[in-house]
Amino acid sequence: MSDGTSAKSIPFIVTHDGRTIRYPDPLIKVHDTVKIDLSTNKVVDFVKFEIGNTVMITKGRNTGRVGVMVSRDRHPGSFDIVHVKDSTGTTFATRLSNAFIIGKGADAKAALVTLPRGKGIKKTIFDERNARLGIKA
């Protein structure tokens, strides 16, 4: 989400799907996630982009993984990096633009969306095959 503000302009936010919402809550900043009522096009709830919140990876090698944001590395002139820890304890890193906050806090049950099958845990191809065949490892 981008934040369009200047001294004499109307404050607005632009979402990932191209919606423009005028006069948003002043606490909403760039990279925050907003929940919108589609019938009225108003912001119902928002989640800050901060350490400790639940995040889903939307692009890159870790697409579909869900975890808790552990840290954020700032690299001026390059890509900012976000470190994420999933529920199995595995830590991985991705670009900031690939991360999307989906819930307040580390509890995946507090997510604003329902998680897909597997709850965002990455399995190896052998684990996936054994699950399909019903083999206990």
Side-chain angles (χ1 to χ4, degrees):
M1 169 175 44
S2 63
D3 181 15
T5 56
S6 71
K8 295 183 178 182
S9 67
I10 296 172
F12 67 94
I13 57 175
V14 179
T15 62
H16 285 270
D17 63 350
R19 296 174 194 273
T20 301
I21 300 170
R22 296 169 50 153
Y23 299 109
D25 188 332
L27 297 175
I28 299 174
K29 301 296 179 200
V30 177
H31 301 298
D32 291 350
T33 299
V34 294
K35 184 176 179 181
I36 299 174
D37 181 10
L38 295 176
S39 61
T40 62
N41 204 28
K42 302 283 183 191
V43 175
V44 176
D45 193 13
F46 68 94
V47 182
K48 300 295 288 176
F49 191 86
E50 56 191 21
I51 295 170
N53 284 343
T54 305
V55 64
M56 178 178 263
I57 309 304
T58 58
K59 291 186 275 183
R61 183 171 181 216
N62 296 308
T63 301
R65 293 181 79 173
V66 175
V68 177
M69 185 167 27
V70 177
S71 66
R72 174 182 175 180
D73 298 337
R74 297 178 190 263
H75 299 283
S78 185
F79 298 103
D80 290 354
I81 303 296
V82 175
H83 296 271
V84 180
K85 185 175 190 177
D86 65 10
S87 62
T88 63
T90 305
T91 304
F92 59 96
T94 188
R95 291 181 179 177
L96 179 125
S97 61
N98 297 346
F100 195 84
I101 297 292
I102 62 169
K104 297 176 185 172
D107 188 18
K109 294 178 183 149
L112 297 175
V113 295
T114 56
L115 295 177
R117 177 183 45 139
K119 306 297 183 206
I121 305 299
K122 185 174 186 175
K123 294 182 178 179
T124 65
I125 56 174
F126 301 112
D127 292 338
E128 290 177 3
R129 179 189 61 124
N130 291 343
R132 268 196 321 270
L133 297 175
I135 300 171
K136 301 278 184 181

Path from [X] to [Y] over hydrophobic side-chain contacts below 4.5 Å:
X   : Y    : answer
V55 : L112 : yes
V43 : L27  : yes
V47 : I57  : yes

Report yes if the side chains of [X] and [Y] come closer than 4.5 Å at any heavy-atom pair, otherwise no.
X   : Y    : result
R19 : I36  : yes
H16 : F100 : yes
V34 : I28  : yes
L96 : H31  : yes

Has [X] got a side-chain atom pairing as donor or acceptor with [Y]'s backbone, closer than 3.5 angstrom?
X   : Y    : answer
T54 : G105 : yes
N53 : K48  : yes
T58 : N98  : yes
D32 : F49  : yes

What is the minimum heavy-atom distance between [X] and [Y], and which atoms define it?
X    : Y    : answer
A93  : I81  : CB-CG2, 3.8 Å
S97  : K59  : O-CE, 3.9 Å
R65  : K122 : NE-CB, 3.6 Å
P11  : P24  : O-CD, 3.5 Å
I102 : M56  : CG2-CB, 3.9 Å
N41  : T20  : ND2-O, 4.1 Å

Out of V66, T88, T90, which residue meets the side-chain contact (heavy atoms from CB on, under 4.5 Å) rule with I121?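 Testing I121 for a side-chain contact (heavy atoms from CB on, under 4.5 Å) against V66, T88, T90 leaves exactly one candidate, T88.
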
Would you give the length of the straight line joining atom [atom1] of [X] to atom [atom2] of [Y], rounded to the nearest 0.5 angstrom?
X    : Y    : atom1 : atom2 : result
R95  : S78  : CZ    : OG    : 7.5 Å
R132 : D127 : CZ    : CG    : 11.0 Å
I13  : D25  : CD1   : CG    : 9.0 Å
D86  : F92  : CG    : CZ    : 6.0 Å

Quick one: which of D73, T94, T91 gives a side chain to side chain donor-acceptor pair (under 3.5 Å) with H83?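 Single pass found, and it is D73.
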
Tell me, which pairs form a ring pair (Phe, Tyr, Trp, His ring centres under 6.0 Å) where one or both residues lie in residues 58-81, sequence neighbours left out?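 Residue pairs with at least one partner in residues 58-81: there are none.
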
